[in-house]
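Just so it is clear, the values below take in all heavy atoms, side chains as well, and ignore hydrogens, waters and symmetry mates. Index from 1, following the sequence.
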Amino acid sequence: MEIKKNQFGVMPCGDKVYKYTIENSKGFKVGIINYGAIITEIFTPDRNGNFENIVLAYDKLEPYLENPAYLGAIVGRTAGRISKGSFVLGETKYELDKNNGENNLHGGLDGLSKKLWDTQKTENGIILSYKSEHLESGFPGNVEFEVRYSVTEDNSLEIEYKAKPDRETIINLTNHSYFNLSGNIKSGGEKQILKINSDFICEVDEEILPTGQKIYVKDTNFDFREGKAIEDGLSERDNDYNIKIAKGYDHPFILNSDNPKISLFSQETGRTLEVETDQKIVVFYSGNYLKDTPELAGNKKAENNMGICLETQDYPDAINIGVFPLELYSPERPYSSKNRWKFFIK
């Protein structure tokens with residue numbers, strides 16, 4: 001395994017940002033910067049052996065500093081939206097940043113996606129760490145966060161999250177990479193075939209907040225159990241209220257616990273992504289607001305649905321909804337999550 005470190009840019013405050021490139025013996029490689037713990041590239045071969053980047057990315061630091069679409073970033077302290085930008089834990093009400101209307105999105109204005117992480121190399125990857133202070137972005141607890149990225153010889157990327165708080169708090173992390181298995185964005189992300197082993201989704205309202213209700217996916221545009229083209233459902237966005245309110249897919253899918261697998265396939269290239277997770281939810285986001293975000297690498301203009309996110313996580317906004325399982329973390333019960341992205345040809 002080869003791990004290279006190169007300067008990627010300099011922040012306005014003068015701090016240097018580094019890119020770490022991890023490559024296995026087969027040429028599969030992953031690029032990560034220590035700003036936002038962002039994945040900037042995943043080079044995988046197509047059926048003809050051509051290696052191309054299959055995640056949306058920028059080719060310099062400056063657009064990542066803004067990164068309105070959270071490309072490749074670790075988001076938190078809580079992924080998704082916290083309704084009304086507040087929650088009650090114990091007898092205390094915590095007020096958070098309101099960066100999505102009246103709601104808190106992906107940890108707020110200065111969440112984990114905006115932090116410079118400490119980094120150390122391992123035998124097959126890197127460990128990024130960040131210490132978040134009590135009431136940072138409004139969240140309770142001093143928390144030591146750690147993200148471990150590991151590359152394997154079977155062309156997999158393993159992502160392991162850990163967090164140690166000094167008091168009871170909420171934590172819900174995910175990675176916000178946008179996948180486009182055509183490679184170098186040769187085709188739209190909606191052309192991909194998605195399969196999710198999920199019988200139910202969480203219904204969302206017009207603010208894309210879970211309502212607490214579940215929808216059975218049979219005979220709906222949310223039934224991906226046998227796999228189908230994403231564009232099939234998007235073509236119904238004007239006729240399907242649940243898709244229309246989100247301008248596409250942006251819904252929590254409740255993974256079937258007996259086999260919580262997710263897969264993405266490009267008929268054009270043969271590239272396949274298989275996602276394994278120990279989390280209960282995957283939020284499938286079809287890149288509905290990519291248009292008018294910064295220009296992508298390769299001088300590509302960002303367009304809606306260019307890439308799709310598969311955000312493995314726990315139930316979003318569980319602390320306010322009251323009907324979903326709520327996980328609280330403490331010194332006696334630290335947070336952890338394991339995920340694996342395996343790439344192969346089909």
Side-chain angles (χ1 to χ4, degrees), residues 1-9 16-61 64 71-74 112-113 115-130 144-163 173-181 183-184 261-264 266 269-279 297 307 310 312 336-346:
M1 199 73 61
E2 183 178 19
I3 304 174
K4 296 180 180 178
K5 176 184 176 182
N6 298 102
Q7 185 172 315
F8 189 72
K16 294 178 180 179
V17 175
Y18 292 96
K19 178 181 177 180
Y20 296 80
T21 305
I22 312 156
E23 183 172 356
N24 69 11
S25 63
K26 299 176 183 176
F28 173 79
K29 66 180 179 180
V30 178
I32 300 154
I33 59 173
N34 63 329
Y35 176 79
I38 290 169
I39 295 173
T40 62
E41 61 186 25
I42 301 178
F43 276 82
T44 67
D46 65 9
R47 62 168 61 95
N48 297 315
N50 299 312
F51 283 81
E52 295 170 309
N53 192 9
I54 55 84
V55 292
L56 303 192
Y58 302 123
D59 54 13
K60 54 187 176 181
L61 176 62
Y64 279 119
L71 263 64
I74 297 297
L112 297 179
S113 62
K115 302 301 183 182
L116 195 63
W117 296 60
D118 294 328
T119 310
Q120 66 182 80
K121 294 181 182 180
T122 65
E123 287 186 0
N124 62 340
I126 59 173
I127 297 174
L128 299 109
S129 56
Y130 173 74
E144 296 179 4
F145 288 98
E146 180 180 293
V147 179
R148 184 181 189 122
Y149 290 114
S150 302
V151 170
T152 68
E153 285 296 334
D154 70 349
N155 292 0
S156 294
L157 174 63
E158 297 174 347
I159 307 176
E160 183 176 2
Y161 307 100
K162 294 182 180 180
L173 306 182
T174 196
N175 181 278
H176 210 279
S177 289
Y178 290 79
F179 298 105
N180 185 322
L181 299 180
N184 296 343
K261 283 192 175 181
I262 308 133
S263 65
L264 190 66
S266 168
T269 66
R271 290 188 180 98
T272 305
L273 162 64
E274 188 174 85
V275 178
E276 299 176 9
T277 183
D278 60 5
Q279 296 295 284
L310 298 169
T312 51
S336 67
S337 169
K338 292 184 177 181
N339 305 269
R340 180 183 177 94
W341 300 349
K342 184 176 181 179
F343 298 90
F344 55 94
I345 301 299
K346 187 165 68 174

Do [X] and [Y] come within less than 4.5 Å of each other through their side chains, counting heavy atoms only?
{"X": "K29", "Y": "E41", "value": "yes"}
{"X": "N339", "Y": "N175", "value": "no"}
{"X": "N124", "Y": "T122", "value": "yes"}
{"X": "L310", "Y": "W341", "value": "no"}
{"X": "I74", "Y": "F145", "value": "no"}
{"X": "E23", "Y": "V151", "value": "no"}
{"X": "V17", "Y": "L116", "value": "yes"}
{"X": "L112", "Y": "L173", "value": "yes"}

Under a 3.5 Å distance rule, please check whether [X] uses its side chain to pair with a backbone N or O of [Y] as donor and acceptor.
{"X": "T174", "Y": "T312", "result": "yes"}
{"X": "N53", "Y": "N184", "result": "no"}
{"X": "T44", "Y": "N155", "result": "no"}
{"X": "N24", "Y": "T152", "result": "yes"}
{"X": "K60", "Y": "G9", "result": "no"}
{"X": "D46", "Y": "N48", "result": "yes"}
{"X": "Y149", "Y": "A37", "result": "yes"}

Is the Y58 ring parallel, tilted or perpendicular to the Y64 ring (thresholds 30°, 60°)?
-> perpendicular
Yes or no on side-chain hydrogen bond (donor to acceptor under 3.5 Å, both in side chains) for E160 and S336, after CA distance, side-chain angles and deciding distance?
-> CA-CA 7 Å; E160 183 176 2; S336 67; over 6 Å; no
What's the verdict on side-chain contact (heavy atoms from CB on, under 4.5 Å) for V147 and W117, showing C-alpha distance, side-chain angles and the deciding distance?
-> CA-CA 10 Å; V147 179; W117 296 60; 3.8 Å; yes
Minimum heavy-atom separation for [X] to [Y], with atom names?
{"X": "S113", "Y": "A73", "value": "CB-CB, 3.7 Å"}
{"X": "Y178", "Y": "G307", "value": "CD2-O, 3.6 Å"}
{"X": "T272", "Y": "I345", "value": "OG1-C, 4.5 Å"}

Taking atom types as modelled, is there a side-chain donor on R271 or S266 under 3.5 Å from an acceptor on the other?
-> no
Would you tell me whether E153 and S25 have side-chain atoms, one donor and one acceptor, within less than 3.5 Å of each other?
-> yes
Please report the C-alpha distance between I54 and L273 in whole Å, then the side-chain angles of each, then the deciding distance to 0.1 Å, and finally whether the side-chain contact (heavy atoms from CB on, under 4.5 Å) criterion is met.
-> CA-CA 10 Å; I54 55 84; L273 162 64; over 6 Å; no
Output yes when K261 and E274 qualify as a salt bridge under the 4.0 Å nitrogen-oxygen rule, no when they do not.
-> yes
NZ of K4: more than 12 outside heavy atoms within 6.0 angstrom?
-> no
Charged tip of K19 within 45° of F8 ring normal and under 6.0 Å = no
